[in-house]
Amino acid sequence: MSYDLIVIGTGPGGYVAAIRAAQLGLKTAVVEKRKTHGGTCLNVGCIPSKALLHASHMFEDARDHFEGLGIGVSAPKLDLKKMQAFKQEGVDGNTKGVEFLLKKNKIDAFIGTGRIAAVGQVEVTAEDGSNQMLQTKNILIASGSDVTRLPGIEIDEKVVVSSTGALELESVPKRLVVIGAGVIGLELGSVWRRLGAEVTVVEYLDRILPGMDGEVAKNFQRILSKQGFQFKLGAKVTKVEKTGKGATLTFEPAAGGAAETIEADVVLVAVGRVPYTQGLGLDHVGVQLDNRGRVLTDAHFATNVTGIYAIGDVIAGPMLAHKAEDEGVAVAEILAGKAGHVNYDVIPSVVYTFPEVASVGKTEEELKSAGIAYNVGKFPFTANGRAKVNRTTDGFVKILADAASDKVLGVHIIGPEAGNLIHEAAIAMEFGASSEDMARTCHAHPTLAEAVKEAALAVEKRAIHM
C-alpha cells in the first residue's frame, strides 16, 4: 500500500495531523501500538485524570460544602469501583470517538508497532508477530512520551506507581507520597487527598510547579497546604524500599544534610516525561536526536532526513496535548503546500486542581531575565462578585504588559475555572492586544471573567472594585 502520509502514533498530535491531512486531500494512514487510539492523553493521561478530578471534587463538595449552601445530605459514601467505572466510560467514549473520526475521514488505521524501515517505508508489527510493509511519500513521528523513571526505584504500578498506576488504585491509600511537584503530581495528589489520603509531596527544587510564574507558584502552594498537602521542598529522594505494608521513602536535603524517611502506602513517581523513540528505527535511517533524546526538527517540523517529520512530546517544547495538536495541523498544511504555523508564545498551560492554575505567555522571571520592562495588573477573586457569592475566592488574575507598548506579554490565573478564563487572554495575545484593549472590552456581570478585565484595568492602576 502506498500513501502520501503515514503517521506513527494516534495521540492528540498524531490523529489530528492525520485528519487535517485527509481533509486536504492527502491519502493518509496511521499506525498505533495500542488497541485503542488517543495515545497517553486519552487512555492513561489527560482524560482519565480529569474524570477522577471531577468526581473527587464532587465527592468533596458533597462532604464538606453542601451544608453551607443550604443543601442537607447524609455523609457521602465512596464507591471507588464505581468511580473508576465512570472514569473508564469517559475514556472509552473518547477513544471510540477518535476511531470514528479516522474512519469518517477515510484514514487507514493499522494496529501494531511502527518502525521506519527506510525512507518512505514503515513496517508494522502486529501483536501476533506478523508484519507488513507500507509505502509512503512522508512519515510523521508522533510517538509521544513515556514516564521518567528514577534510578534505583522500581515502578510496579501497585505500591510504587507512575501516573498510569495512580489512575487505577483499587483503594484509597491512607498515606500517599508524591515524588515531584509538577502538574501531574499535584493533580493526582489532589484526587487522592479529596478521597481521604494524607498527601506528602517531595520535590528536588525549592518550589512547586517549575516553569510557572514564581508568585503564582508560591500562592498556589499556600492554598494546597491549607487543603492538607504537606510539602518537602529542596529534597532529594535517595531510596524507596517496599515493605510488607507499603514503602519507606528516604530523602535528604538537595543541598546536603541528614537523611529522613517517610512511610507510605503508595508512592507516586511523577518527575516528568521523556520522548518515546524506542523501536522506531531512527538510528537505522539516521534521524538526529538532541542531548535530551528529542527528535531534532527545523521550523517546518522536518528532521534531517528528507520526508520524515516529527511533532508533539517527541520534539522540543512543552509536553502538552494542545501544542501537539497545533503542530499536527501545521505539518499537515505544510505537506499540502499551505503555510502551517504554530505561535509558541501563545500556548496556554493549565493545572486542573481546585482552584485551577492557568498561564499563557511570559512569566515575571522570564521578562526580568530578558531585560524587558513591564507593568503588572493584579486582581483578587475575593473582590469578584461571582466568586464571592459562590465561595470560590482563592486566587487572583495577573497580567504582565510591556511598559512601552502596553502589549500583553503574559497572563497568570489562580482561581475557579482558570483553565477556561485563560483563553480570553490567549485570544487577546494572538491578536497583539494591549492591556487597554482587554480593559475596554465589555464583560458580562456577574462573571468570573470580570476579574480578567479588572486585572487589565489594574495595569494602569484603575481597577474599579479594589
Side-chain angles (χ1 to χ4, degrees), residues 146-163 165-166 169 172-194 196-274 291-293 319 349 351 353 357 359 363-366 368-369 412 414:
D146 195 7
V147 172
T148 299
R149 279 145 175 94
L150 287 173
I153 297 176
E154 181 191 349
I155 294 174
D156 62 6
E157 300 298 11
K158 296 294 183 185
V159 174
V160 182
V161 301
S162 69
S163 55
L169 297 181
V172 178
K174 184 177 185 301
R175 298 159 303 179
L176 172 67
V177 174
V178 180
I179 305 175
V183 175
I184 294 171
L186 296 181
E187 286 187 355
L188 292 175
S190 289
V191 168
W192 296 108
R193 182 204 61 77
R194 292 169 187 167
E198 298 170 7
V199 178
T200 302
V201 179
V202 182
E203 166 60 47
Y204 184 80
L205 300 177
D206 60 0
R207 54 163 291 171
I208 70 170
L209 293 179
M212 280 267 190
D213 185 272
E215 182 186 17
V216 168
K218 189 178 290 185
N219 277 270
F220 187 47
Q221 183 185 336
R222 192 176 301 131
I223 291 168
L224 292 177
S225 295
K226 283 183 187 175
Q227 293 178 359
F229 274 76
Q230 304 255 342
F231 289 96
K232 305 285 186 183
L233 303 180
K236 178 184 177 182
V237 175
T238 57
K239 189 165 49 175
V240 175
E241 290 181 308
K242 283 191 277 187
T243 63
K245 295 182 179 179
T248 301
L249 182 142
T250 304
F251 67 93
E252 59 189 38
E260 295 181 50
T261 61
I262 310 176
E263 300 298 321
D265 299 289
V266 174
V267 175
L268 166 58
V269 180
V271 292
R273 298 184 65 83
V274 291
N291 59 2
R292 292 173 62 181
M319 289 182 167
S349 176
V351 187
T353 47
V357 182
S359 67
T363 65
E364 284 205 63
E365 290 77 15
E366 287 171 333
K368 286 173 182 173
S369 177
H412 307 276
I414 308 178

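For reference, positions follow the sequence shown, starting with 1.
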message: Checking the side chain of Q230 only, and the main-chain atoms of T200 only, is there a donor and an acceptor separated by less than 3.5 Å?
response: no
- line: Heavy atoms of M212 and R207 approach each other most closely as O-NH2, 2.9 Å
- prompt: Is there a side-chain contact between R193 and L224, using heavy atoms and a 4.5 Å cut-off?
  reply: no
field: From CD1 (I414) to NZ (K218), nearest 0.5 Å
entry: 12.0 Å
query: What's the spacing between E260 CD and L249 CG if we round to 0.5 Å?
result: 10.5 Å
- prompt: Considering all heavy atoms of both residues, which atom of V351 and which atom of V183 are nearest to each other, and what is their separation?
  reply: CG2-CG2, 3.9 Å
- prompt: Any side-chain heavy atom of R222 within less than 4.5 Å of one from N219?
  reply: yes
- line: Correct closest heavy-atom pair for S359 and H412 would be CB-ND1, 3.2 Å
field: E365 (side chain) donor-acceptor with D213 (main chain) under 3.5 angstrom
entry: no
task: Could you pull out the closest heavy-atom pair between G211 and T363, with the gap in Å?
output: O-CG2, 3.7 Å
field: Y204 OH: over 12 foreign heavy atoms closer than 6.0 Å
entry: no
message: How long is the straight-line distance from CZ of R175 back to CG of D265, given to the nearest 0.5 Å?
response: 4.5 Å
Derivation and outcome, side-chain contact (heavy atoms from CB on, under 4.5 Å), residues F220 and L186: CA-CA 11 Å; F220 187 47; L186 296 181; 3.9 Å; yes
query: Is V216 close to L209 at the side-chain level, that is, under 4.5 Å between some pair of heavy atoms?
result: no
statement: Taken to the nearest 0.5 Å, the spacing of I208 CD1 from F231 CZ works out to 5.0 Å
Close side-chain approach of V178 and F229, heavy atoms under 4.5 Å: no
message: Show the nearest heavy-atom pair for residues L268 and A166, with the distance to one decimal.
response: CD1-CB, 3.9 Å
- prompt: Are any non-hydrogen side-chain atoms of Q227 and T353 less than 4.5 angstrom apart?
  reply: no
Polar side chain donor-acceptor pair, T248 to E263, under 3.5 angstrom: yes
statement: For S163 and R273, the nearest pair of non-hydrogen atoms, with its separation, is OG-NH1, 4.2 Å
- request: Please say which of V240, V237, T238, I262 ends up in a side-chain contact (heavy atoms from CB on, under 4.5 Å) with T250.
  value: T238
